[in-house]
Enquirer: 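Encoded as structure tokens, here's the structure I'll be asking about.
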Amino acid sequence: MSTKSSKSQKSQKSARLRRAVRITLIALALGVVIANAVNQQTIEAHEAPASGTALAALATLDVKGPAASTGYERENFGSAWADVDGNGCDTRNDILARDLTDLTYSTRDKACEVRTGTFDDPYTGQVISFVRGNKTSAAVQIDHVIPLMDAWRKGAQAWDAQTRLRFANDPLNLLASDGSANQSKGARDASAWLPPNNAFRCTYIARQIAVKVTYDLWVTPAEHDAMATVLDGCPSEPLPAAS
């Protein structure tokens, strides 16, 4: 074999080797790109909250600072415990009847009036024997899940009187609660107060979000973060429907 032929073969072999290396590198690069794309899709699918969950609904709420509480009065939301559904019973007794068990009612002219009952309080986890009376009724109170003043500062100032009355008496926004827990909560939002019973916090936050979605109320940044922190432990918590 001539020297010229040998050099030609070596040159061809070297060219084939370079092409093979280039093809291998291109294939590796494509593999990395595809793998990254698949991983990103997997991460996004994992991170995206499922439809119908409280976490998904939280992402739809506007986040901004609260308005001033100037002008707030309880009367802005109508008379307390009005019979807005026209069933002949005031809202307080409707919620007591919904949330308590072993009920007894007045035997006089107030057929809706709950006289006694057993209450398994979700806020504290305690069981309370409810007895109506001047010194005993306050043991079980009706909590506005979204406090009226909180709603006032986050959108309710723009509502008409009828919407405020409906909000204050909406069963979705009402829960019977231990009286001392309700007093402790006051008008504070989720960034400043959560139920002492940890097992109920996911349900509580989901209900707050449902109310805010229903009435187009916003959340503050701190409130949003507090809600998200609770729901991190229960990302599939469903959004409750209107009751």
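Start at 1 with the first residue, then count along the sequence. All values derive from a computational prediction rather than experimental measurement.
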Enquirer: Starting from Leu172, can I reach Leu174 by hopping between I/L/V/M/F/W/Y residues whose side chains sit under 4.5 Å apart?
Expert: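 In one cluster: no.
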Enquirer: Begin with the C-alpha distance, continue with both residues' side-chain angles, and end with the deciding distance and a verdict on side chain to side chain contact (heavy atoms under 4.5 Å, CB included) for Leu58 and His224.
Expert: CA-CA 8 Å; Leu58 176 61; His224 175 278; 3.7 Å; yes
Enquirer: Quick one: do Asp90 and Lys110 make a salt bridge, cutoff under 4.0 Å?
Expert: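 Not counted as a salt bridge, because no side-chain N and carboxylate O are separated by less than 4.0 Å.
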Enquirer: As an exercise, state the distance from OG of Ser137 to CZ of Phe130, rounded to the nearest 0.5 Å.
Expert: 4.5 Å
Enquirer: Out of curiosity, Asp85 CG to Arg166 CZ, how far, rounded to the nearest 0.5 Å?
Expert: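 Here the rounded value is 13.0 Å.
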Enquirer: With heavy-atom distances below 4.5 Å as the criterion, would you say the side chains of Ile205 and Leu194 are in contact?
Expert: yes
Enquirer: Are the side chain of Asp99 and the backbone of Ala176 linked by a donor-acceptor contact shorter than 3.5 Å?
Expert: yes
Enquirer: Quick one: closest heavy-atom pair of Leu96 and Arg132, and the distance?
Expert: CD1-NH2, 3.9 Å
Enquirer: Would you kindly say whether Asp160 and Thr163 are connected by a side-chain donor-acceptor distance under 3.5 Å?
Expert: yes
Enquirer: Is it true that Asp143 and Ser177 share a donor-acceptor pair across their side chains at a distance under 3.5 Å?
Expert: no
Enquirer: Quick one: ring pair (Phe, Tyr, Trp, His ring centres under 6.0 Å) partners of His144, sequence neighbours excluded?
Expert: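 Result, ring pair (Phe, Tyr, Trp, His ring centres under 6.0 Å) vs His144: Trp81.
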Enquirer: Quick one: are Val230 and Glu237 in side-chain contact, heavy atoms under 4.5 Å?
Expert: no
Enquirer: Only counting residues at least two apart or in another chain, list the ones meeting ring pair (Phe, Tyr, Trp, His ring centres under 6.0 Å) with Phe77.
Expert: none
Enquirer: Measure the shortest side-chain to side-chain distance between Ser180 and Gln126 over non-hydrogen atoms and say whether it is less than 4.5 angstrom.
Expert: no
Enquirer: What is the minimum heavy-atom distance between Pro235 and Asp232, and which atoms define it?
Expert: CD-O, 3.7 Å
Enquirer: So how far is it from Arg201 CZ to Thr203 OG1, rounded to the nearest 0.5 Å?
Expert: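 So the CZ of Arg201 and the OG1 of Thr203 are separated by 12.5 Å.
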Enquirer: Any chain of hydrophobic side-chain contacts (each under 4.5 Å) joining Leu165 to Phe167?
Expert: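 No.
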Enquirer: Can you tell me how far the CG atom of Asp225 sits from the CD atom of Glu223, to the nearest 0.5 Å?
Expert: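 Here the rounded value is 10.0 Å.
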Enquirer: Donor-acceptor pair, Asp121 side chain versus Asp178 backbone, under 3.5 Å?
Expert: yes
Enquirer: Is a side-chain N or O of Thr53 found less than 3.5 angstrom from the main chain of Ala56, in a donor-acceptor match?
Expert: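 At least one qualifying donor-acceptor pair exists.
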Enquirer: If hydrophobic clusters are built from ILVMFWY residues whose side chains come within less than 4.5 Å, do Val140 and Val145 share one?
Expert: no
Enquirer: Do Tyr105 and Val114 make a side-chain contact, defined as non-hydrogen atoms from C-beta onward lying under 4.5 Å apart?
Expert: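 Touching, per the 4.5 Å side-chain cut-off.
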Enquirer: For residues Gln208 and Met227, report the shortest heavy-atom separation together with the two atoms involved.
Expert: OE1-CE, 3.5 Å
Enquirer: Determine, using the 4.5 Å side-chain heavy-atom cutoff (strictly less than), whether Val211 and Ile142 are members of one ILVMFWY cluster.
Expert: no
Enquirer: Where do Asp150 and Lys212 land on the side chain to side chain contact (heavy atoms under 4.5 Å, CB included) test, with the steps shown first?
Expert: CA-CA 11 Å; Asp150 183 64; Lys212 296 224 168 189; 3.4 Å; yes
Enquirer: Measure across Ile209 and Ala57 and return the closest heavy-atom pair with its distance rounded to 0.1 Å.
Expert: CG2-CB, 3.7 Å
Enquirer: Could you tell me if the side chain of Asp189 sits less than 4.5 Å from the side chain of Lys154, heavy atoms only?
Expert: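 In short, these two side chains touch, coming nearer than 4.5 Å.
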Enquirer: Any side-chain heavy atom of Tyr215 sitting closer than 4.5 Å to one from Asp170?
Expert: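 Of all side-chain heavy-atom pairs linking Asp170 with Tyr215, at least one is under 4.5 Å.
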Enquirer: Please test Asp216 against Trp159 for side chain to side chain contact (heavy atoms under 4.5 Å, CB included), starting from the C-alpha separation and ending with a verdict.
Expert: CA-CA 11 Å; Asp216 196 26; Trp159 297 348; over 6 Å; no
Enquirer: What residues form a ring pair (Phe, Tyr, Trp, His ring centres under 6.0 Å) with Tyr204, not counting sequence neighbours?
Expert: Tyr123, Trp193
Enquirer: Could you walk me through whether Val127 and Asp120 pass the side chain to side chain contact (heavy atoms under 4.5 Å, CB included) check?
Expert: CA-CA 4 Å; Val127 176; Asp120 188 358; 4.2 Å; yes
Enquirer: For Val219 versus Leu61, what's the shortest heavy-atom pair and its separation?
Expert: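 Residues Val219 and Leu61, closest heavy atoms: CG1-CD1, 3.9 Å.
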Enquirer: Quick check: do Leu175 and Phe200 have side-chain heavy atoms less than 4.5 Å from each other?
Expert: yes
Enquirer: Is the side chain of Thr136 donor-acceptor paired with the backbone N or O of Val131 at a distance under 3.5 Å, no angle test?
Expert: yes
Enquirer: Check whether the side chains of Thr104 and Thr116 place a donor and an acceptor atom closer than 3.5 Å, and report yes or no.
Expert: yes
Enquirer: For Asn93 and Glu113, which heavy atoms make the closest approach, and how far apart are they?
Expert: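 Where Asn93 meets Glu113 most closely, the heavy atoms are OD1-CA, 3.4 Å.
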Enquirer: Below 4.5 Å, heavy atoms only, C-beta onward: do Gln157 and Tyr72 meet side chain to side chain?
Expert: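 No - every pair of side-chain heavy atoms lies 4.5 Å or more apart.
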Enquirer: Please report the interatomic distance CD(Glu73) to CH2(Trp152), rounded to the nearest 0.5 Å.
Expert: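 Taking CD in Glu73 and CH2 in Trp152, the distance rounds to 9.0 Å.
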